[in-house]
Each structure stands twice: as C-alpha cells, then as structure tokens.
Number of protein chains: 2
Amino acid sequence: MAAFTVVSYNINSIRVRLDSLLAWMHKTNPDVVCLQETKVQDNDFPEQQILSAGYHVIYKGEKSRNGVAIISKHLPNDIQIGHNNWGRDNEARLISAKICNCTIVNTYIPQGQEPNSDYFQYKLDWIAHMQNYFAERFNPSDLVLWVGDFNVAPEPLDIYDPARLLGRVGYHPDEHAALQNVKAWGFLDIFRQHITEGNNYTFWDYRIKNAVDRGLGWRIDHIWGTEPIARHSVNAGIAKDLRRDLRPSDHAPIWATFNLP
Amino acid sequence: MAAFTVVSYNINSIRVRLDSLLAWMHKTNPDVVCLQETKVQDNDFPEQQILSAGYHVIYKGEKSRNGVAIISKHLPNDIQIGHNNWGRDNEARLISAKICNCTIVNTYIPQGQEPNSDYFQYKLDWIAHMQNYFAERFNPSDLVLWVGDFNVAPEPLDIYDPARLLGRVGYHPDEHAALQNVKAWGFLDIFRQHITEGNNYTFWDYRIKNAVDRGLGWRIDHIWGTEPIARHSVNAGIAKDLRRDLRPSDHAPIWATFNLP
DNA sequence: GAGAGACACG
DNA sequence: CGTGTCTCTC
C-alpha cells in the first residue's frame, strides 16, 4: 500500500482557520487529519467545505470550547464518540474511527489549569481512564494510533526549560506518571522514533513574544502507536511553518507517515 | 493658492481603519480630513502613526463611542473642543480649528434613535444649539466650513426612498426644520453646488445586503460653507470606493476642493 | 494573545 | 452587520 500520513493539529477554532488548513492539506496531501479545539457546535461545523475538498469528515463539538474532528481521504468506519461507560465524558474530547485497517483515537486531553486545582485532578483522571478505554477495546497487537493534544510534554527534550518548568501544568510528575501508565499498555511515541533532536515543539504560547523564533515551545501534541503500526512508520515531523501564519493557531500540526501492512 | 481639499468621513473606529484611511490619503492627498466616530479614548488615539505620515492631528474621544478628529497638512490654530457654555456637551462630538484662514467645525450630530424618544429630542436640541454656536463666534461673511456626520438627509434627493422613509430618524420634518434654521444663519451645501444628481450617498446600512450596489443609501455627511468660502469651491464628490473595501466603514468620505482666497 | 460568547449601539 | 464592551478559557 502507498504511504499513509496521519496528522494531529489543535486548530484553535476551525471556523477561523479552515481555509488555511485546506490550503496546507492541498500542498501536503495527508490521508488523515485529527483536529482538536474546533470550538464549534455540530450545527455550525463547516462540513460542506471539507466534503467539497474531497474528504470525509466526522466531528463532535460544543459551543465555544473543546471539539474534535477527523478528516480523512478514506471512509472512516466504527466511529466512536466519547468514552461511553464513563460518567465524565460529557465534553467533546474523544473521537475515534477505523481508517484503512488502523484504528485512530483522537483525543483532546483537558488542559488542567493549575496543579492542586480540581481541573488538574480531572486531567489526571481523564488520562488514567484512557488505559481502561484501550484495554477494554483493543489489544496491543492491534493496529491502533492514539493521537491528539495530550496537553503534556512527556520528556525533558519536549520542553524549552525543563528545569524551571518542572511542576507546571503540562510538565508535572503526576501527569508524566499518568501518561506513562497508559503508554505501558502498549504504545510507542512514533515521532521520537524518527526525530531525536530537541527544539521540536508543537505548541508556543501566544503570550510569549516571538516564542517560535526563540524556541520557547512545548511538544504536547502526539502521535502514539501500538508496536505493529509503529514498526511500519517511516517518517514524522512538525509543520512549524503553519505556526508562523498571519493568524496562526498556538499549535502546529504533528504528522507521521506509515507504510501500512 | 493651490487647491485645498477638505474631507469628512465617519470612520467607525479609527483603530480598525487607520491603515486603509492613510493609504487612501496617500492616493488622494487631501489637505484636511475630518473624522467622526473614532471610538477611542485620547490615551489610545493612534497619533504617532498620523504624525509619521506627515500630518498634524487634533482629536477628542471617548471610550467606545463618538469621538472626533481633524487631520491636517497645515498647522491647525484656534482649536476648540466641545461647545463650551452649554450644559450638554459632555460628549466628544465637536472639534474645530482654523486652518489656512478657514475655520473648520467638525461635528458628529447625535443619531437620534427613534422619533418620540428622548434621544431624538436631544438631537434636535443639539442641532438647534449649533445656530447659537455659529452666531456667537462667527459672521456669515467669515470663511467657515461646517462639516461632519449630520445624521440627517436634508432633501428627497439625499435618500433612496424619500416617500417611504419620510418621518424616520435621519429624514424627519423636525430634523429638516432644525437643520434649516442653522443653514439660514449663512450656510450653503457645497456638495450640491457641484453635484445635482441623486444616488450620491455617504452612508449605507451594514444590515442591508448589497446596499451600495442596490443604491440603498443616505447622504447624511455634509460639507457646508459660508458664502465667501462656497464661492471659491471648485469641485466635490464622494469616495464611494472606500465603502466597497473588505472591512469598510458604513460611511464613505465626502470631499470638496477650494481655491482659497 | 487570541479564540469564544453575550450585550449595546447604529 | 460590524463596531465597541466585558468575561471566560487556554
């Protein structure tokens, strides 16, 4: 089979940035684009424009916050929205589909606000619940990709000042432990299989002047895969150029290419 | 002396449209631009950008509403802000200066909301008070221009459906009478000395789709002058093209050119 | 800093 | 419809 490229992108309002996204997709020709923070309720989702561009699309949104979507060249099957069987999945943070024999789970993990806040505990619970989610549905020998805005930089290499920022939301030992537990179920970090240098970030705070040029970013968006899919990955990268647009999202797309078995 | 061009423009937020205004001024090279609805308090007025473009500027604003300014190639003298000696001039609606021996009074007359409202009576009082303003300060034989957003279309020719709209705010007999009283002090409508055709408007409601193309406008912005200045006027017009910008004001600039005596 | 929403205004 | 205000979120 031909190369199969999967992208994860926190778009920070699909209505503001859909034109820019479609132009970028036209250039880069990805197979699957997983979006977070679409920030639009389903009635207002710009479905027609995506269909006209020749893609399938599935989505689950809320008014003004959260919101996830999967745009795909190939027909998505076995669509799942939300966790089911879990009391705290009233937010639009998880959407999943089987595309070309590979199950793609796209999540927007809660940001967490501040350690010691209720929101932070919610984030930890949310991450912990993902282990149940995968264990109940899949086997580590399945072709499963877990992608999205995880709102966690897992390693020192994934953040611009690990010493100073340790303990902050997004780079906190409790988050690292929670995420490691899910990873231990059977995931590999596809990006790090190919790119081992630092200063490869997917998020730069709007409030820090010239953060991109100054290298003041975080790698908090991820593409993780089970061993059988990771084995077939051939490349990965971050489309940093999109973060330099006139009106950019605060995130850049992360992508990985596979030769699907 | 060379030609002297005076412009009146309700800019509907100078912060949003200053770049567009300066580009237009660069093309058209006016001597004086009188603005209304700058919608910015004096601390936030973009003075430096105007000075850098080679103009003088005087202004009086409020937070979020009203606000008047005069941009001028030539040094403004005898600057007056507000009516003085009148109880109801706490709003930023009047600014005046002597520029090249001609006194220019730039006003943003209250919109009036609805006939029978208190705001409508305020508008009528405001207009009536302008007669005192001129009588106390000038003589009809002086070189005086009264320009601005008058929020009144004086004649049937100044509105797209005079029969239907008669009695609405902006085209009401009481407004016509009030304005006529001030005019009788000694003003001529400079624009109408040169342009006698209809469909020459300065305002098109944002809420009416394609109002400009469909000719659904009002001529409510004016350049009036005393006889000695009117006699030296050589041309006038409306810069309708600016109303077709990507993010236009709901008004277009009105201009008049003089060979000053 | 930049999205969202809601409200006031013309 | 398109300005402004303010509050909320990340």
Side-chain angles (χ1 to χ4, degrees), chain A residues 10-18 20 35-41 44 61-67 91-93 108-114 117 119-120 122-123 149-152 168-170 202-212 216 218 220-221 243 245-251, chain B residues 10-18 20 35-41 44 61-67 91-93 108-114 117 119-120 123 149-152 168-170 202-212 216-218 220-221 243 245-251:
Chain A
N10 180 318
I11 196 169
N12 191 13
S13 170
I14 192 170
R15 282 181 291 188
V16 171
R17 256 171 291 282
L18 181 56
S20 144
L35 299 175
Q36 305 86 35
E37 287 208 86
T38 52
K39 287 189 173 175
V40 63
Q41 56 199 3
D44 297 332
E62 290 175 50
K63 197 176 192 173
S64 116
R65 42 209 298 284
N66 305 327
E91 296 179 311
R93 294 187 177 274
Y108 174 50
I109 293 181
Q111 192 267 351
Q113 289 200 355
E114 283 294 314
S117 69
Y119 294 98
F120 191 76
Y122 174 53
K123 179 181 191 173
D149 179 355
F150 290 15
N151 267 315
V152 179
R168 301 277 192 91
V169 66
T202 62
F203 165 82
W204 298 262
D205 195 315
Y206 282 132
R207 288 165 291 192
I208 300 176
K209 286 256 177 219
N210 294 110
V212 182
L216 306 180
W218 306 55
I220 59 177
D221 301 272
R243 183 61 177 80
D245 264 10
L246 201 64
R247 288 177 76 199
S249 166
D250 42 1
H251 294 248
Chain B
N10 180 318
I11 196 169
N12 191 12
S13 171
I14 192 170
R15 282 181 291 188
V16 171
R17 255 172 292 281
L18 181 55
S20 143
L35 299 175
Q36 305 86 38
E37 286 208 86
T38 53
K39 285 189 172 175
V40 63
Q41 57 199 1
D44 298 331
E62 291 175 49
K63 194 180 193 172
S64 114
R65 43 206 300 282
N66 305 326
E91 297 179 310
R93 294 187 178 274
Y108 173 51
I109 293 180
Q111 192 267 349
Q113 290 201 355
E114 284 293 315
S117 69
Y119 294 100
F120 191 75
K123 179 181 192 173
D149 179 356
F150 289 15
N151 267 314
V152 178
R168 300 276 192 91
V169 67
T202 62
F203 165 81
W204 299 261
D205 196 315
Y206 282 133
R207 289 166 290 190
I208 300 177
K209 286 258 178 216
N210 294 111
V212 182
L216 306 180
W218 306 55
I220 59 178
D221 301 271
R243 183 59 178 79
D245 263 10
L246 201 64
R247 288 179 77 198
S249 167
D250 41 2
H251 294 248

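Below, all heavy atoms of this structure are taken into account, side chains as well, without hydrogens, waters or symmetry copies. Proteins come first, then strands; the chains are lettered A, B, ... in the order of their sequence lines, and each starts at number 1.
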Review point. Tell me, for nucleotides 3-10 of chain C in 5' to 3' order, what letter each nucleotide earns: B for a base near a protein heavy atom under 4.0 Å, S for only sugar-phosphate near one, - for neither?
Key: SSSS---B
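For the pair B:L246 CG and D:dG2 C1', the interatomic distance rounds to 13 Å; values are reported in whole Å. When rounded to the nearest whole Å, the span between CG of B:D245 and P of D:dG2 equals 12 Å. For A:K123 and D:dC10, the NZ to P distance is 10 Å, given to the nearest whole Å. Nucleotide D:dT3 holds its C1' atom 16 Å from the CG atom of B:L18, rounded to whole Å.
Applying the side-chain hydrogen bond (donor to acceptor under 3.5 Å, both in side chains) test to B:N66 and every residue at least two apart in sequence or in another chain returns B:E62, B:R93. By the salt bridge (Lys or Arg N to Asp or Glu O under 4.0 Å) test, B:D205 pairs with B:R207, sequence neighbours left out. In this structure B:Y108 satisfies the ring pair (Phe, Tyr, Trp, His ring centres under 6.0 Å) test with no other residue, sequence neighbours excluded. With sequence neighbours left out, the side-chain contact (heavy atoms from CB on, under 4.5 Å) criterion links B:Y119 to B:Q113, B:S117. Every residue was checked against the side-chain hydrogen bond (donor to acceptor under 3.5 Å, both in side chains) condition with B:R168, not counting sequence neighbours, and none meets it.
A distance of 13.0 Å separates CD in A:Q36 from NZ in A:K39, rounded to the nearest 0.5 Å.
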